[in-house]
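In what follows, a single structure is set out as structure tokens and then discussed.
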Amino acid sequence: LLLLLLPAGCPVRAQNDTEPIVLEGKCLVVCDSSPSADGAITSSLGISVRSGSAKVAFSATRSTNHEPSEMSNRTMTIYFDQVLVNIGNHFDLASSIFVAPRKGIYSFSFHVVKVYNRQTIQVSLMQNGYPVISAFAGDQDVTREAASNGVLLLMEREDKVHLKLERGNLMGGWKYSTFSGFLVFPL
């Protein structure tokens, strides 16, 4: 509910669709509002109020080695087995896929460790089935080496993000591999 006090007898007028509304008159009460798809309530004047449900964040770890032989579907998706944070419940542990609840700018990061020496790993962050960023670790003389990367993405509602093992095997054990993301701000 929005109340504005205006001088008597003055009309309410808008200059055009892109300029702000200039209000003149005694009193204006705006009661018309409708919820949007992202949980915000937007009034007829374009005033938007977001609820606490707009918070979105996740972080997951993997505690076992990851080798292509353990994947039955051959998608090479990196599966995680423990969620540390899942505010909003938009990260599905079983599929290890994050689904955007609303349009916005999201931040993602990952850190993975290769298994043994003389191996190379390559990991890609996939958005809707397409690689967006990758990380590579391939030093032949190092037993354990990490590949990390991070990115800001513009995502639409229902867009999906996951990690794909393009090459090599990942080290497990002490939860070396992590995948995290959060909503920076909605659009």
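Within the 4.5 Å cutoff, the side chain of Gln127 has no heavy atoms near those of the Tyr106 side chain. Residues Leu183 and His90 have side chains not in contact (no heavy-atom distance under 4.5 Å, counting atoms from C-beta outward). Using a 4.5 Å heavy-atom cutoff, the side chains of Ile78 and Phe179 are not in contact. Between Leu84 and Thr178 there is no side-chain heavy-atom pair separated by less than 4.5 Å. Between Asn128 and Glu156, every side-chain heavy-atom pair lies at or beyond the 4.5 Å cut-off. Counting only heavy atoms from C-beta outward, the side chains of Leu154 and Lys103 approach each other to under 4.5 Å. Side-chain contact check for Leu152 versus Val184: some heavy-atom pair is nearer than 4.5 Å. Ser96 has its side chain within reach of Phe91: a pair of non-hydrogen atoms, C-beta onward, lies under 4.5 Å apart.
Rounding to the nearest 0.5 Å gives a distance of 6.0 Å between CG of Asp81 and OG1 of Thr61. Atom CG of Leu165 is separated from atom CD1 of Ile121 by 7.5 Å, given to the nearest 0.5 angstrom. Interatomic distance, CG of Asp92 versus NE2 of His162, reported as 12.5 Å (0.5 Å rounding).
With sequence neighbours left out, the side-chain hydrogen bond (donor to acceptor under 3.5 Å, both in side chains) criterion links Ser134 to Ser124. Residues forming a side-chain hydrogen bond (donor to acceptor under 3.5 Å, both in side chains) with Ser180 (at least two apart in sequence, or on another chain): Ser59. Residues meeting the side-chain hydrogen bond (donor to acceptor under 3.5 Å, both in side chains) test with Glu158, sequence neighbours left out: none. The side-chain hydrogen bond (donor to acceptor under 3.5 Å, both in side chains) search around Asn89 returns none, not counting sequence neighbours. Listed by chain and number, the residues in a ring-ring contact (aromatic ring centres under 6.0 Å, His included) with Phe110 amount to none (sequence neighbours excluded).
Note: the hydrophobic cluster containing Val83 does not contain Ile87 (ILVMFWY, side chain heavy atoms under 4.5 Å, direct or indirect links). Linking ILVMFWY residues whenever their side-chain heavy atoms come closer than 4.5 Å, directly or via other members, leaves Met126 and Ile133 in distinct clusters. Following chains of ILVMFWY side-chain contacts shorter than 4.5 Å, one cannot reach Phe182 starting from Val85, and the two form parts of different hydrophobic clusters.
When all heavy atoms of Leu163 and Leu125 are compared, the closest pair comes out as CD2-CA, 3.9 Å. Pairing each heavy atom of Arg62 with each of Phe80, the nearest pair is N-CD2, 3.7 Å. Considering every non-hydrogen atom in both Val113 and Ser177, the closest pair reads N-OG, 3.8 Å.
Residue Ile97 is found in a hydrophobic cluster whose other members, listed by chain and number, are Val99; membership requires side-chain heavy atoms under 4.5 Å apart, directly or through intermediates.
Below 30°, between 30° and 60°, or above 60°: for Phe98 and Phe58 the angle between ring planes is below 30°, a parallel geometry.
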